[in-house]
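These notes are about the structure you will find just below.
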Amino acid sequence: MDTAERYRLVARNTAEVVTEAELRDLLGDDGDSDDGENVDVDAEAKASGNGDETDVPTIYIGYAPTGEMHIAHFTTIRKLADFLHAGLDVTVLVADLHAHLDDEKSPFPLLDARSAYYREAITGMVKAAGADPEAIEFIQGREFELDSDYSLDLLRMAADTTVARVRRAGSEVVRQSETPNLGGLIYPLLQSLDVAALDADIAYGGLDQRGIYMLSREVLPEHGYDAPVCLFAPLLSGLSGGKMSASDEASKVNVTDPTEEVHEKIGAAYCPRGEIEGNGVLEYLQYLVFPILDERDEPFVIERPEQYGGDVTYGSYDALEADFVAEELHPQDLKTAAAAYIDDTVSPVRARFADRPDLLREAYPERYD
RNA sequence: CCGCGCUUAGCUCAGCCUGGCAGAGCAGCCGACUGUAGAUCGGCUUGUCCCCCGUUCAAAUCGGGGAGUGCGGACCA
């Protein structure tokens, strides 16, 4: 696979790359070893001891195990398949300490149970996206965030970072309050240090993470580490209009929602005729359903009464969007089909938990008792 | 350790001074209109007034005790 193709895969369906040049550099002919066309030469490089520029780039994403996983998580996890196919090393951090530091969104005693649930859910999503979960390195925050070197770096960073700076950095991620806890202020520094500790070349996350990773790019070099290349996923619109809110059930589909609920939520979704802006239903298709269909080489089929034009088949999201914008495709017909495909997409993950009800029960005892 | 504030619907809060049927906005739910949703219109629901004890014919309201939460003070060897 050539550099241009790798770049296309890595950057497609993202909101922003910081910076494109740096990413090209990273993916480019590092060492000009094009002749050995297989990307897996890193095994030799590592064996030979010199972890130099022939290393395969590592990309990482962190998930704080707080509430139940939803469709927005799934879209970012779907991208991991692209990264793997582009030959990147992929690390998934289950950021348990973050989940507690952010206003104690997860109670400390539940961190392990929720981490186990996240890991299982993520594994299921990676698999559903057509990639091999075994190829991903999972790590839990506590496994390295308590190391003495890490702690020392954290304290040294705390010494030269202002409260105003970390508040600004975390404003889109950390729960805001008039009386913020120290944990939420430490959070951006912790996350910055994660990049370094995990040896990640690329930090990947939703666009809401931008503030934090911009801080990382600023502060890591001052402490002897490389600034990460950043890759941001677009934030999905809420189904009830406006921004998606994880705490508003109607604004999102959870990966374990039953079929009936998926249909109800999509049916109730904000979806103005011909309008793309803020249209969650279309976004679900663009960022999740179509990439997975592409992977399987399957089309998107809409069954429609003859009265409204009969069945239609779309081979690409762009074609569907064009019809929708032209108002050749009515929201009602779109919704019915979308709900079925979304339900299909999510069903393998849901099935996993049907086999392991204990994971959800232990992670969210108050909801599943 | 000391002082002060706050706690009322899912959320933000009013009501407390001066005791008399527990309220508003937003959210939510249901209809109408749209071949979806939204917008709009019409309608509706929502309570351990933080807890306990007391005063009173009557307590969200007054008195005492307590809890939770937040703020401030004290200290500068």
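Chain A is the first sequence line, chain B the second, and so forth, proteins listed ahead of strands; every chain is numbered from 1. Since the structure is predicted, the reported quantities are computational estimates derived from the model, not experimental observations.
Under the Watson-Crick and G-U wobble criteria, each requiring two contacts below 3.5 Å, nucleotide B:G31 is paired to B:C41. Across all strands shown, B:U61 remains unpaired; no Watson-Crick or G-U wobble contact has both distances below 3.5 Å. B:U18: no Watson-Crick or G-U partner with both key distances under 3.5 Å is found in any strand. Here B:U56 sits opposite no nucleotide as a Watson-Crick or G-U wobble pair (both hydrogen-bonding atom distances under 3.5 Å). Base pairing annotation: B:C26 forms a Watson-Crick or G-U wobble pair with B:G10, both donor-acceptor distances under 3.5 Å. Look at B:A74: it lacks any Watson-Crick or wobble partner with both distances under 3.5 angstrom. Using N1 to N3 plus N6-O4 or O6-N4 for Watson-Crick, or N1-O2 and O6-N3 for G-U wobble, each under 3.5 Å, B:U46 pairs with nothing.
Across the P atoms, B:G43 and B:C6 are found 38 Å apart, a figure rounded to whole Å. To the nearest whole angstrom, the two P atoms, one in B:G64 and one in B:U46, are 35 Å apart. Nucleotides B:A58 and B:G19 have their C1' atoms positioned 8 Å apart, rounded to a whole Å. Atom name P, nucleotides B:A24 and B:C44: the rounded distance is 12 Å, in whole Å. For the C1' atoms, the distance from B:C16 to B:U7 is 14 Å, rounded to whole Å. Comparing B:G54 with B:A59, their P atoms sit 12 Å apart, to the nearest whole Å. Look at the P atom in both B:C13 and B:G70: the space between them is 16 Å, to the nearest Å. Atom name C1', nucleotides B:U12 and B:U55: the rounded distance is 34 Å, in whole Å.
Between A:Y117 and A:F353, the ring planes lie tilted relative to each other; the angle falls in the 30° to 60° range. Using the six-membered ring where Trp is involved, A:F300 and A:Y314 have ring planes that are tilted, between 30° and 60° apart.
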| remark: Readout for nucleotides 33-42 of chain B: B = base within 4.0 Å of protein heavy atom, S = sugar-phosphate only, - = neither; 5' to 3' it is --BBBS----

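Judged as a salt bridge (Lys or Arg N to Asp or Glu O under 4.0 Å), the pairs with a partner in residues 195-219 of chain A (not counting sequence neighbours) are, in order, A:E16-A:R210, A:E22-A:R217, A:R165-A:E218. Sequence neighbours left out, the pairs with a member in residues 133-175 of chain A that pass ring-ring contact (aromatic ring centres under 6.0 Å, His included) are A:F144-A:Y150.
With rounding to the nearest 0.5 Å, the separation of CZ in A:F74 from OG1 in A:T345 is 6.5 Å.
A:I61 and A:M214 are not part of a single hydrophobic cluster, where members link through side-chain heavy atoms under 4.5 Å apart. No continuous path of hydrophobic side-chain contacts links A:V229 to A:L198 [ILVMFWY only; heavy atoms under 4.5 Å].
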